[in-house]
Amino acid sequence: MNTQRMAATVAAYQPGETVALFVPCYIDQLYPHIGQAVVTLLERLKVPLVYPAEQTCCGQPAFNSGYWEEARKVVRHFARVFAPYRWIVVPSGSCATMARVFFEQVDDRAETVAVGRRVFEFSEFLVNVLGVVDTGARFPHRITYHDSCHARRELRVLDPPRRLIGAVRACTFIELPRGEECCGFGGTFSVKLAGTSLAMGRDKVKAIVESGAEVVVSGDASCLLHLGGILQRDPALRHIRTMHLAELLVAG
Amino acid sequence: MNQAQGMIFDLAATAGLAEPHAPAVVAASAARAVHSKEVVTARIPQWQTWRDAAHRVKAYTIAHLDRLLVQFEQQVTARGGKVLWAEDAAQANAIILDLARARGVRTVVKGKSMATEEIGLNHALEAAGIRPMETDLGEYIVQLAGQRPSHIIGPAMHLSAGDVGKLFADKLGIPYTEVPEELLAEARKRLRRDYVEAEMGVSGVNFGVADNGMLVVVENEGNAGLSMAAPHIHVAVMGIEKLIPRMADLPVFLNVLARSGTGQQLSTYTHLISGAVPPRELVVVLLDNGRTRILADRAARQALYCIRCGACLNVCPVYRRAGGWAYGWAYPGPIGAVTTPHLVPLQLSGELPFASSLCGACQEACPVKIDIPHQLLHLRHRAVTEPSPMRSWNERWLWRLWAWGMSGRRRYWLLTWLGLRLGLPLVRRSPWKPGKAGAWLRAWERGRELPTLPERSFKSWWRARKP
């Protein structure tokens with residue numbers, strides 16, 4: 001495996017060390033309750049938390065669209081804002097991938113790359129760094145879990161969310177059939193090839209329906225934006241809810 | 001490169017409102033291929049080690065291509081073969097036509113070869129009054145249908161057995177059948193005559209071995225063997241990246257190629273061709289046709305590691321839905337999206353790197369571990385900065401505005417307020433949806449709801465909470 005993807009897990013977290021929270025732009029604007037759930041959970045775990053107020057976005061939307069010069073500007077802003085912190089946590093596998101894997105494509109400054117490698121996806125931080133599995137949550141529903149492709153293939157974070165879900169009380173977990181298939185969001189792919197994106201999303205929704213789950217949980221709200229949008233459009237499927245992992249872990 | 005008939009992703013023109021759509025048989029065949037590959041690789045505990053080894057050998061090969069190509073030429077020549085170098089498709093076709101004319105060739109039998117698809121050899125031969133006969137069953141079918149292959153390994157993947165039955169009934173005048181064995185028997189019967197009549201055989205090359213000049217050709221139907229052996233002259237068209245340094249490197253490639261391509265442990269036939277004894281002739285046409293441009297683009301170099309197994313096509317959710325023709329040129333799927341833009345100008349191929357959700361299934365499936373998603377990103381950057389249909393000032397200004405807004409707290413507030421709180425509801429209600437952003441909004445709302453905006457952002461919640 002690529003060493004840069006593992007670099008983040010090398011150092012050990014000492015209790016009492018400050019953690020900087022990065023709330024991605026779309027979560028800040030569209031799903032603030034996900035950020036709030038992360039705050040609730042980390043405070044329950046007595047993790048000293050700061051939220052650097054100057055933060056905005058990881059730069060991924062422009063980067064994935066080919067506009068690297070514009071992305072670089074935002075990436076450097078991110079690096080400046082988070083430079084003082086040793087631990088950076090984000091409730092998104094996709095934004096964590098941008099920071100950890102792709103910052104070095106956009107910006108060759110060593111300090112930018114170093115900041116990027118200190119960024120952790122939320123569930124891997126809980127399980128692999130803090131060693132927390134049971135968050136005390138209770139959720140009496142049938143749920144399934146959708147891995148984002150960035151979490152699955154770039155970060156290889158497959159186990160942490162499942163271990164966290166396994167400890168949720170009264171919760172029935174069903175593995176999603178054909179779980180390795182992309183949901184079709186893909187950032188601007190969802191609008192540049194909307195027809196293909198929708199076809200992929202509808203197949204993912206089919207798998208969710210097959211699973212019999214009432215709630216589809218994911219560590220990436222961007223996939224859920226797309227899947228939730230498809231579910232909401234169909235009156236027969238509106239009852240299937242989407243939920244971020246952080247919300248699940250503070251439920252009950 | 002020879003542009004295929006059919007469609008290409010036309011993102012600039014359709015603005016996310018329409019994409020090519022392949023028949024369902026493509027997705028079904030691809031899924032079957034993925035399954036067979038999984039079954040056959042699950043039995044190999046050292047599968048990942050093989051992939052690493054194959055990647056390393058190809059990395060070495062491409063890094064030392066200059067030396068290895070010369071060594072290969074010397075070795076082929078020493079064994080009675082001849083090596084001719086072609087800078088581009090036109091030169092390669094001219095070389096083959098010259099060879100054919102000098103020998104009075106009227107019929108050419110062809111084994112399956114992506115390189116000859118790439119250069120459009122059949123067209124060139126036909127234009128010169130020479131009859132090219134495809135002998136691989138899938139290639140035979142698409143040639144009969146007047147189509148182009150839609151998959152690297154399964155050229156007729158877009159056709160069902162019923163489609164082929166209708167085609168044979170229509171073009172060959174035989175009674176309709178959709179029994180594959182009967183269709184195969186019919187094709188075989190007809191091809192026998194061609195093997196005997198043909199004065200020239202053309203094949204591709206899976207691996208050229210530098211240290212002994214051996215050509216390695218794998219196949220399952222025996223047709224390539226007949227095409228290479230029956231006529232007096234065998235012309236092998238080989239991309240310059242198809243080398244491996246030593247004979248000792250071959251086993252790992254045979255192991256990963258068959259398993260990744262067709263889910264076999266080994267292809268039915270592995271031909272090892274070592275030179276030629278007069279009067280028989282062996283001519284190797286070494287094809288550049290843009291490959292040295294890939295070599296020169298450091299970030300793109302791994303595209304030259306490809307062994308054309310087709311595994312990335314089978315797992316690709318976009319390929320499965322769009323089919324092979326959507327990619328416009330000889331190489332479809334993810335590997336086509338990262339190869340074609342180097343072989344033809346970005347003005348014609350700039351859309352291809354965008355035909356992906358960047359899910360990474362291709363890289364995971366690739367037996368030589370090509371970093372396809374990273375290359376797609378690299379090519380996207382090139383496609384919006386160099387002349388191409390994806391270079392758009394409209395979109396550039398959007399991202400510039402976005403980058404400005406994302407570089408400070410107050411700007412962020414202003415941009416998100418203007419864009420989401422003020423702009424979005426206005427534009428949604430208005431029939432006038434201008435520019436890229438308007439097109440994207442229409443594309444999103446085609447089949448998806450937009451989320452409702454919350455009362456306050458996380459930022460404002462946090463500020464209110466911590467005075």
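The sequence lines fix the lettering, A, B, ..., with proteins before strands; numbering per chain opens at 1. Every heavy atom of this structure was used, including side-chain atoms; hydrogens, water molecules and symmetry mates were not.
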Item to check | side-chain contact (heavy atoms from CB on, under 4.5 Å) involving A:Arg76 - partner list, sequence neighbours excluded | outcome: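 With sequence neighbours excluded, A:Arg76 shows a side-chain contact (heavy atoms from CB on, under 4.5 Å) to A:Arg72, A:Arg80, A:Asp107, A:Arg109, given in chain and number order.
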Checklist entry - Is B:Arg465 salt-bridged to A:Glu43, going by a charged N under 4.0 Å from an acidic O? => result yes
Checklist entry - Less than 4.0 Å between a side-chain N and a carboxylate O, is that true for A:Glu210 and A:Arg178? => result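 A:Glu210 and A:Arg178: salt-bridged.
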Which of [options] touches chain A most, by non-hydrogen pairs under 4.5 Å:
{"options": "B:Glu455, B:Arg396, B:Gln48", "result": "B:Arg396"}
{"options": "B:Trp399, B:Tyr412, B:Trp444", "result": "B:Trp399"}
{"options": "B:Leu450, B:Thr416, B:Thr452", "result": "B:Thr416"}
{"options": "B:Gly360, B:Ser356, B:Ser357, B:Ala361", "result": "B:Ser357"}

Checklist entry - Is the distance between the ring centroids of A:Phe22 and A:Phe82 less than 6.0 Å? => result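 Here the rings of A:Phe82 and A:Phe22 have centres that are less than 6.0 Å from each other.
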Using non-hydrogen atoms and a 4.5 Å limit, figure out which bit of [X] sits close to chain B: side chain, backbone, both or neither.
{"X": "A:Gln36", "value": "both"}
{"X": "A:Cys183", "value": "neither"}
{"X": "A:Asp203", "value": "side chain"}
{"X": "A:Leu224", "value": "neither"}

Checklist entry - What do you reckon, is NZ of B:Lys433 surrounded by more than 12 foreign heavy atoms closer than 6.0 Å? => result yes
Next on the checklist: For residues 376-386 of chain B, give me every residue with a non-hydrogen atom less than 4.5 Å from any non-hydrogen atom of chain A.
Outcome noted: B:Leu377, B:His378, B:Arg380, B:His381, B:Val384, B:Thr385
Checklist entry - Given a strict heavy-atom distance threshold of 4.5 Å, which part of B:Glu395 is in contact with chain A: side chain, backbone, both, or neither? => result both
Checklist entry - Side chain, backbone, both or neither: which part of B:Arg321 has a non-hydrogen atom closer than 4.5 Å to chain A? => result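 Side chain of B:Arg321 only, per the 4.5 Å heavy-atom cut-off to chain A.
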Next on the checklist: Nearest 0.5 angstrom please: A:Asn64 CG to A:Lys192 NZ, how far?
Outcome noted: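 Reported value, rounded in 0.5 Å steps: 9.5 Å.
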Which one of [options] has the most heavy-atom pairs closer than 4.5 Å to chain B?
{"options": "A:Glu180, A:His226, A:Gln232", "result": "A:His226"}
{"options": "A:Gly35, A:Ala62, A:Cys57", "result": "A:Ala62"}
{"options": "A:Gly201, A:Gly184, A:Pro61", "result": "A:Pro61"}
{"options": "A:Thr188, A:Leu231, A:Val81, A:Thr196", "result": "A:Thr196"}
{"options": "A:Tyr67, A:Phe63, A:Trp68", "result": "A:Tyr67"}
{"options": "A:Ser65, A:Cys182, A:Gly187", "result": "A:Ser65"}

Checklist entry - Would you call the rings of A:Tyr51 and B:Trp462 parallel, tilted or perpendicular if under 30° counts as parallel and over 60° as perpendicular? => result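 Tilted.
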Any side-chain heavy atom of [X] sitting closer than 4.5 Å to one from [Y]?
{"X": "A:Cys223", "Y": "A:His146", "value": "yes"}
{"X": "B:Lys37", "Y": "B:Asn314", "value": "no"}
{"X": "B:Trp402", "Y": "A:Val74", "value": "yes"}
{"X": "A:Pro32", "Y": "B:Trp461", "value": "no"}
{"X": "A:Tyr31", "Y": "B:Pro454", "value": "no"}

Checklist entry - Taking only residues two or more places apart in sequence, or in another chain, which ones meet B:Arg428 in a salt bridge (Lys or Arg N to Asp or Glu O under 4.0 Å)? => result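 Result, salt bridge (Lys or Arg N to Asp or Glu O under 4.0 Å) vs B:Arg428: B:Glu445.
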Indicate every side-chain donor-acceptor pair of residues 404-411 of chain B with a distance under 3.5 Å to a residue at least two apart or in another chain.
unit_1	atom_1	unit_2	atom_2	d
B:Ser407	OG	B:Ala403	O	2.5
B:Arg409	NE	A:Glu54	OE2	3.3
B:Arg411	NH1	B:Trp404	O	3.2

